[in-house]
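Quick notes on the structure that follows.
Per chain, numbering begins at 1; letters A, B, ... match sequence-line order. Keep in mind that what you see is a predicted model, and the values were worked out from it rather than measured.
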Amino acid sequence: MSLNKLNQLYRAVVLDHASHPHHKNDLADATQSIELHNISCGDDIRVFVKITTNKVEKISFTGNGCTISQASASMMTDALTGVPITKALEECDAFFQLTMGQTVPTTTQNDLGDAAILGSLAAFPARIKCATLAWHAAKTALGGEENEYNNFE
Amino acid sequence: MSLNKLNQLYRAVVLDHASHPHHKNDLADATQSIELHNISCGDDIRVFVKITTNKVEKISFTGNGCTISQASASMMTDALTGVPITKALEECDAFFQLTMGQTVPTTTQNDLGDAAILGSLAAFPARIKCATLAWHAAKTALGGEENEYNNFE
Amino acid sequence: MANKFETIAKDFPILSRRVNSEPLLYLDNAATSQTPNQVLERISDFYQTSNANVHRGVYTLANEATEAYEQVREKVAAFIHAPNAKSIVYTRSTTESLNLIASSFGDLVVNQDDEILITIMEHHSNLIPWQQLAKRTHAKLRYVMLTDDQTLDLQDFRKKLNEHTKIVSVAQTSNVLGVTNPIKLIAKLAHEKHAYVVVDAAQSVAHQKIDVQDLNVDFLAFSGHKMLGPTGIGVLFGKPELLKVMPPIQFGGEMIENVTQTQAKWQQAPWKFEAGTPNIGGVIGLGAAIDYLKAIGMPWIEATERELIERLLPELEQVAGLTIYGPQNVVQHNGIVAFNLKNLHPHDVATGLDMLGVEVRAGHHCAQPLMTTLGVEATVRASLSFYNSLTDMDRFVYAVKMVKEFFDRES
Amino acid sequence: MANKFETIAKDFPILSRRVNSEPLLYLDNAATSQTPNQVLERISDFYQTSNANVHRGVYTLANEATEAYEQVREKVAAFIHAPNAKSIVYTRSTTESLNLIASSFGDLVVNQDDEILITIMEHHSNLIPWQQLAKRTHAKLRYVMLTDDQTLDLQDFRKKLNEHTKIVSVAQTSNVLGVTNPIKLIAKLAHEKHAYVVVDAAQSVAHQKIDVQDLNVDFLAFSGHKMLGPTGIGVLFGKPELLKVMPPIQFGGEMIENVTQTQAKWQQAPWKFEAGTPNIGGVIGLGAAIDYLKAIGMPWIEATERELIERLLPELEQVAGLTIYGPQNVVQHNGIVAFNLKNLHPHDVATGLDMLGVEVRAGHHCAQPLMTTLGVEATVRASLSFYNSLTDMDRFVYAVKMVKEFFDRES
Ligand SMILES: Cc1ncc(COP(=O)(O)O)c(C=O)c1O
Ligand SMILES: Cc1ncc(COP(=O)(O)O)c(C=O)c1O
């Protein structure tokens, strides 16, 4: 039986982030916030950022989702807090590459912190979207991606 | 080469009706008139009837179309002129059966006159609509069929 | 019966593939059904022998194609016992069928302050078109809610149905709750109030015999791809007198009788609704799917699926911490089983099952308002078909237990 | 080249069937193209190995299906050199694509007293949607007429194009006249007046290389079934910034981001336009058709069809009493040849040809206003594809002569 393969994905650190997510809260003094949905399942994540002098002073999230999306959001806030915007955007892209099975430099991996372990997602292509949702929201909130969603009609 | 088969369809009588159609004119004193189109090609036929005491006193047609549709319309007017409505409706149905390759009683065939020879259409299924257009218009004008077409928009 | 299962399985080559090194157990039949070889062969055969555009040519090939296309219309009509082939409109899908009714018929009969009555268990495809219609016309969209047993609350239906109700639109079978609604009764009550009745039969058409005349519904919509046919072909049944007064909403070739620079005259129904070259191959495939279903037999399908669910549900209920949505009584529950495992997110459960070769849906199942009512974000959903076996049911329950154990151990 | 023809012919089994005891000579390619085995096999293969609904499941099979479905979008974008896959919307057909533009974009930008400029050679599918839009918005629909040589009158186009023109919609290739219009120039002139440019590429996409960025058009529509693909799948290319502002016109599953009882939030383009289960099998087939066309090579296709028409047209012109519509100069004429024989109705001619195994269209070709302008009720039309051979051309001319002789003798 191949449930062993699940161990790759659901390692202790992932499960830990999911059950005790970091920075899971509103940000009263946020300078920007972006909500994204995972359309296939309805998971939603809202990411709050507070920018000061081109730096991500604070970043947090709220919302519901699976283990992977919650863990990934939590790891994202760890990785991007206090980081200059340009570098934060690079880390988002590096994370996307990692989950698609591409290799990224070791230093970048180090910058990603716990999030780097989600590189194992490459073996679970159907779950990549769960993990990238928070990072896309972050990238959008930091101005690196356009929010192409239309408003409520 | 199998153009011989065409002889079945384009017999002298058909070609004669087509080039010298009978009752091809408006009917100033018509009690009813119906226009139908052959949608696949744009042929159109308008059939005029003058009814008196449940009889088709006069029936005529105008419009454009191929040899088969013109000949069939001409034959139709010959067959239905002076015929009681109920009988005319029966003849229409008999004509439809004939073109679909079904057999009809000899007496009915006789009533159809020249039109009976269009029984050969059964071998040319793609052309049945050409022949039946005028008869459908007649049947509709005589109240035997609903005109389901919508009006100009 | 074992033999019949084996024969049937041979018709579906995909069922013998492997997923994550395990034999595929496909339990997402509510999303789309698998397609038997007979359907694929009929489609290929059509393209290899009679492919031509329909309603256009006077040559032999075009005539063959047109006849094949129109004969399927008769077949569809017979399958749901429609009064005639003219009451059958080809569309892309259930979704397009429902949009066509809402846009064409809806705008015709719904006015300001009128009410449109749907249910809280509707799929988005039978919800947003009405929500939009209500916005356009300033009508009111109302929802029939659920009983405590998570079936349709008929008392609430009677309460919300009134003289202002113009349209009642309801799923025959929910794609989440595993319930089939009493359409005949609903239609009778709605007609008493002079409301029109629309039925979303996406989830019922492949699982039970449908008789639109006996049900006495005004419209009924379904998709080919949920009844063993190909994607891209759907059906809208409409009572002929209603189709007749409805304006077309797409325009172009095939649907007109006559065109000038300034005006156009439409064909009669159903053709006025079929603008442009239709999905001819899809129609041929739909015809083959109906032939297949009829050869297997709808009563046999119903009986087989009943047997499966009666094996599955009691076993599943035994799993600790597992909640099944919809009626708890197996007699009322059909082959769609939505559930959750305590403390586990449905996505994680689905990924676990996927590792074991078991393919189920996890998510909101395009029924977000229902999820809100059930108080969940999402659920896991397993949905059966007659080509599943009793062994499949046992394997599924076992897999659920394994996945639960895995996560219980980890966390 | 003979060899290449033979290899190609093997891919199309229908080409070796008989019609009325004669070998089929299919010359109705403008109505629909034939479908090579490679396309049919890819479709069957998809259903037999990866069939699942798209964008819905988190399991392996659903992921495979979704990836296959979205990869074709990239392929289509590359085929017409669109800036990205997001500018590609899947529809049922050219007709649906054009209706989508007219309903969604048209209602957005066209106001009372604005003008919509189309041409008199348009297919009904690129005419009635604009006629209806003009009616809804009280805008004016204007037609560019023909030169004496029956090509598009560019002088008339310049004259009718003005500051009130909001939309210019024109066929890249006429389905009757055998002409290809200068889209790049038309787009340039239209953009100078701030009009949007819509191109109906139904008849061009399988016959020449298309580069939407070089042409600089705002929208472009075509059908899979005219480019060796299956029926039921079409494409709408739209500039991303335009697709972004356009509202969806069908609603349901897949096209939403979030739904509550009272409101809904759409997905981004192109998905917001793809409500319900799309024609997944059709998309897979379209991808295979593009692969096939690319393997054969668009330049080779263009060259081959040029060779065919240059053989055909001069021979056909020799037939006494035969009138060819469109430009008389073979250099300007492409592989669509509409003609009439003096004193013979096109239906009768087509039936004669059918008896000889030659399948051509006879009728108004869904272009009634053009027929009126040409002063005819209908025409015969032969239309070529690269899988036709030079021998086919000779056989066709011979058949036309035989049919003419038959009727001349009879009457
Ligand atoms: C109840 C119900 N209605 C409508 C639909 C929409 O069907 P389709 O996606 O084929 O249009 C579905 C399927 O997802 C369904 O389950
Ligand atoms: C020029 C032109 N436009 C539009 C169409 C409509 O294409 P479809 O029927 O595939 O929607 C056609 C084909 O008939 C055509 O020739």
Contact origin within [X] toward chain C - heavy atom pairs under 4.5 Å:
X: D:Thr372; result: neither
X: D:Glu254; result: both
X: D:Tyr26; result: side chain
X: D:Leu127; result: side chain
X: D:Tyr47; result: both

Between [options], who has the most heavy-atom pairs with chain C when the cutoff is under 4.5 Å?
options: D:Ile256, D:Val283, D:Leu353; result: D:Ile256
options: D:Val19, D:Asn53, D:Ile43; result: D:Asn53
options: D:Ala275, D:Gly285, D:Gly282; result: D:Ala275
options: D:Ala31, D:Gly357, D:Ala102; result: D:Ala31
options: D:Pro230, D:Ala350, D:Ser16; result: D:Pro230
options: D:Gln34, D:His225, D:Glu359, D:His123; result: D:Glu359

Using the test side-chain hydrogen bond (donor to acceptor under 3.5 Å, both in side chains), find all partners of D:Glu64 that sit at least two apart in sequence or belong to another chain.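 side-chain hydrogen bond (donor to acceptor under 3.5 Å, both in side chains) list for D:Glu64, sorted by chain: C:Arg17, D:Ser50.
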Specify which of [options] makes the most heavy-atom pairs with chain D at under 4.5 Å.
options: C:Asn51, C:Thr35, C:Thr373, C:Leu15; answer: C:Asn51
options: C:Gly253, C:Ala52, C:Cys366; answer: C:Gly253
options: C:Leu40, C:Leu24, C:Val39, C:Leu141; answer: C:Leu40

With heavy-atom distances below 4.5 Å as the criterion, would you say the side chains of D:Glu257 and D:Trp266 are in contact?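 No; the side chains remain at least 4.5 Å from each other.
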Any side-chain heavy-atom pair of C:Asn37 and D:Gln48 under 4.5 Å: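 The answer is yes; the side chains approach within 4.5 Å.
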Can you pull out every salt bridge (Lys or Arg N to Asp or Glu O under 4.0 Å) where at least one residue sits in residues 28-45 of chain C? Sequence neighbours excluded, please.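 Every salt bridge (Lys or Arg N to Asp or Glu O under 4.0 Å) pair that includes a residue of residues 28-45 of chain C, provided the two are not neighbours, is C:Asp28-C:Arg381, C:Arg42-C:Asp291.
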Rounded to the nearest 0.5 Å, what separation is found between the [atom1] atom of [X] and the [atom2] atom of [Y]?
X: C:Ile14; Y: D:Phe46; atom1: CD1; atom2: CZ; value: 8.0 Å
X: D:Asp200; Y: D:Met121; atom1: CG; atom2: CE; value: 11.5 Å
X: C:Ser104; Y: C:Ile249; atom1: OG; atom2: CD1; value: 6.0 Å

Is the D:His55 ring parallel, tilted or perpendicular to the D:Tyr69 ring (thresholds 30°, 60°)?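 Rings of D:His55 and D:Tyr69: perpendicular, over 60°.
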So if I take each residue of residues 90-100 of chain C and look for any heavy atom under 4.5 Å from a heavy atom in chain D, which residues do I end up with?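 So far as heavy atoms go, C:Thr91, C:Arg92, C:Ser93, C:Thr95, C:Glu96, C:Asn99 are the residues that approach chain D to under 4.5 Å.
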Just by modelled atom types, is the C:Phe273 backbone N or O under 3.5 Å from a matching donor or acceptor in the C:Gln250 side chain?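 Not a single qualifying donor-acceptor pair exists.
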So, the side chain of C:Gln203 versus the backbone of C:Ala171: is there a donor-acceptor pair under 3.5 Å, distance only?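 Checking the backbone N and O of C:Ala171 against the side chain of C:Gln203, no donor-acceptor pair under 3.5 Å is found.
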Where D:Gly363 and D:Met371 come nearest, the two heavy atoms and their spacing: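 Looking at all heavy atoms of both residues, the shortest contact is O-SD, 4.2 Å.
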Minimum heavy-atom separation for C:Asn279 and C:Ile233, please, with both atom names.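 In this case the closest contact between C:Asn279 and C:Ile233 is ND2-N, 4.0 Å.
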D:Asn20: partners by side-chain contact (heavy atoms from CB on, under 4.5 Å), with sequence neighbours left out: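 Testing D:Asn20 for side-chain contact (heavy atoms from CB on, under 4.5 Å), a comparison that skips the adjacent residues, returns B:Lys5, C:Thr60, D:Asp354, D:Met355.
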